Amino acid sequence: ASMEVVLHYRPHQTDLLKLQKFAEAAVKEFPIRQLPRFTPWFPNDLYRLPLKPKRQPPIISCEEAEELKQLSTASECIVGSPDYDCTKNLLEFQSNMRRGQTLIQAQTVHRPVNLENQEEPPSNGKQKLKRSWSVSLPSPKIKEKILPLSQELQNNLERLKLHVFYRAKWTIEQSICNNQTLEDIWIKLNRLIKQNELPSCNATIQRSVGQIWIFCDILYCEYVRNILRERLSLTDKMNLLVHKFGIIFSL
């Protein structure tokens, strides 16, 4: 089979022999190097392992095993207690941190932080809720009450190409709390989440910026917003935010 080759060259390239060799080299078949067969550098024998323990594993008595079992059970009870808070001794979660203040700046402060006084209940006898996160459990009964999403929200999802199981965030600020403190709203919200009335929700209070964030699937966001308005007596509209998309809906 013949093949026609068209060679384009610049006017100053007058050496025809050199151009011919260049064209022949261009159409020459590319050499393929045969790879050698792979052989592992280590012994590939599962029945004869290269490394073996020098000594036998230690043996403990039945009494020692029972004692260790009781110790592990006691430690699980301590870790799983409802009062456990992993953020208690972290400076960036303290209430006296200013907005925008970093952990490095907090560590440079020389005055000691008295954590014991912060844990004492207020003098009015009302117990302060210390935890900063609250997570709901799945409840199949609530799904029967979920209505279809509004047409406006469906249009926004279609325009932004967002799935209904994207996570979205409602934000509660002091301005919509209707003469309630943020801590009062947080206590009521924790009760709602504990009773599994807010599907797919987890919430956090950001005391440093004076906000409560409620995360949920977009599929349940309108239902969650209506429950928040009704049960927490919130006023004014709330904005629904999705990461990297910003505000996608207001209700």
Side-chain angles (χ1 to χ4, degrees), residues 1-53 90 92 99-107 133 135-136 138 140 142-143 146-173 198-204 206 208-209 211-226 237-251:
S2 61
M3 181 175 61
E4 183 179 354
V5 178
V6 179
L7 178 64
H8 299 272
Y9 59 92
R10 297 180 177 87
H12 66 272
Q13 294 175 321
T14 56
D15 191 346
L16 297 179
L17 185 61
K18 190 174 182 180
L19 290 174
Q20 181 181 352
K21 289 182 179 180
F22 180 80
E24 291 175 353
V27 298
K28 189 177 180 181
E29 187 177 354
F30 191 77
I32 299 176
R33 182 172 64 91
Q34 188 71 25
L35 295 177
R37 186 174 179 273
F38 173 76
T39 55
W41 59 269
F42 53 88
N44 191 17
D45 188 357
L46 297 178
Y47 299 99
R48 189 177 54 195
L49 296 176
L51 298 176
K52 292 183 179 180
L90 297 179
E92 65 267 35
R99 183 175 183 175
Q101 189 176 9
T102 61
L103 176 60
I104 299 176
Q105 291 172 335
Q107 289 175 342
W133 274 96
V135 182
S136 68
I142 293 184
K143 293 184 180 180
I146 306 297
L147 299 175
L149 296 176
S150 64
Q151 191 60 46
E152 181 185 356
L153 182 54
Q154 290 184 32
N155 294 340
N156 292 344
L157 297 181
E158 186 177 353
R159 176 174 54 86
L160 298 172
K161 295 181 173 57
L162 288 175
H163 196 273
V164 291
F165 285 110
Y166 261 80
R167 296 294 281 178
K169 179 180 75 172
W170 293 110
T171 301
I172 298 178
E173 298 183 353
L198 300 176
S200 80
C201 275
N202 61 294
T204 174
Q206 301 288 326
S208 59
V209 295
Q211 293 179 346
I212 296 175
W213 298 345
I214 300 111
F215 301 89
C216 63
D217 295 341
I218 296 179
L219 179 64
Y220 309 119
C221 68
E222 290 180 317
Y223 175 83
V224 168
R225 169 61 177 127
N226 292 331
K237 285 188 174 182
M238 290 172 60
N239 295 325
L240 184 70
L241 292 93
V242 175
H243 183 56
K244 294 185 179 180
F245 291 89
I247 298 174
I248 66 167
F249 187 60
S250 295
L251 184 62

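Heads up: numbering here begins at 1 and tracks the sequence. Everything numeric here is computed off the predicted structure, so don't read it as measured data.
- With sequence neighbours excluded, the residues satisfying side-chain contact (heavy atoms from CB on, under 4.5 Å) with Lys169 are Thr171, Trp213, Phe215.
- Among residues at least two apart or in separate chains, side chain to side chain donor-acceptor pair (under 3.5 Å) pairs with a member in residues 17-32 are Gln20-Glu24.
- Contact between Cys216 and Cys221 at its shortest, heavy atoms only, is SG-CA, 3.7 Å.
- Residues meeting the ring-ring contact (aromatic ring centres under 6.0 Å, His included) test with His12, sequence neighbours left out: none.
- Looking at Leu251 and Trp170, their side chains come closer than 4.5 Å, going by heavy atoms from C-beta outward.
- Separating the CZ atom in Arg159 from the NZ atom in Lys161 is a distance of 10.5 Å, to the nearest 0.5 Å.
- The number of heavy atoms from other shown groups lying within 6.0 Å of OH (Tyr9) does not exceed 12.
- In this structure, OH on Tyr166 lies 10.0 Å from CG on Leu160, to the nearest 0.5 angstrom.
- Residue Leu153 holds its CG atom at 9.5 Å from CG of Leu162, rounded to the nearest 0.5 Å.
- Heavy atoms only, all atoms of each residue included: Leu149 and Gln154 are closest at O-NE2, 2.7 Å.
- Proximity of Leu219 to Ser200: side-chain heavy atoms (C-beta onward) are nowhere separated by under 4.5 Å.
- Checking Glu222 against Asn226 by side-chain atom types alone, no donor-acceptor pair falls below 3.5 Å.
- A search for side chain to side chain donor-acceptor pair (under 3.5 Å) contacts involving Glu173 returns Gln211, not counting sequence neighbours.
- In this view, Gln34 satisfies the side chain to side chain donor-acceptor pair (under 3.5 Å) rule with no residue, not counting sequence neighbours.
- With rounding to the nearest 0.5 angstrom, the CG atom of Leu19 is 11.0 Å from the CZ atom of Arg10.
- We find the CD-NE2 distance between Gln13 and His8 to be 12.5 Å, quoted to the nearest 0.5 Å.
- The closest side-chain heavy-atom distance from Ile218 to Ile248 is below 4.5 Å.
- From Glu152, atom CD reaches atom CG of Leu157 across 10.5 Å, with rounding to the nearest 0.5 Å.
- Applying the side chain to side chain donor-acceptor pair (under 3.5 Å) rule to pairs touching residues 240-251 yields Asn239-Ser250, sequence neighbours excluded.
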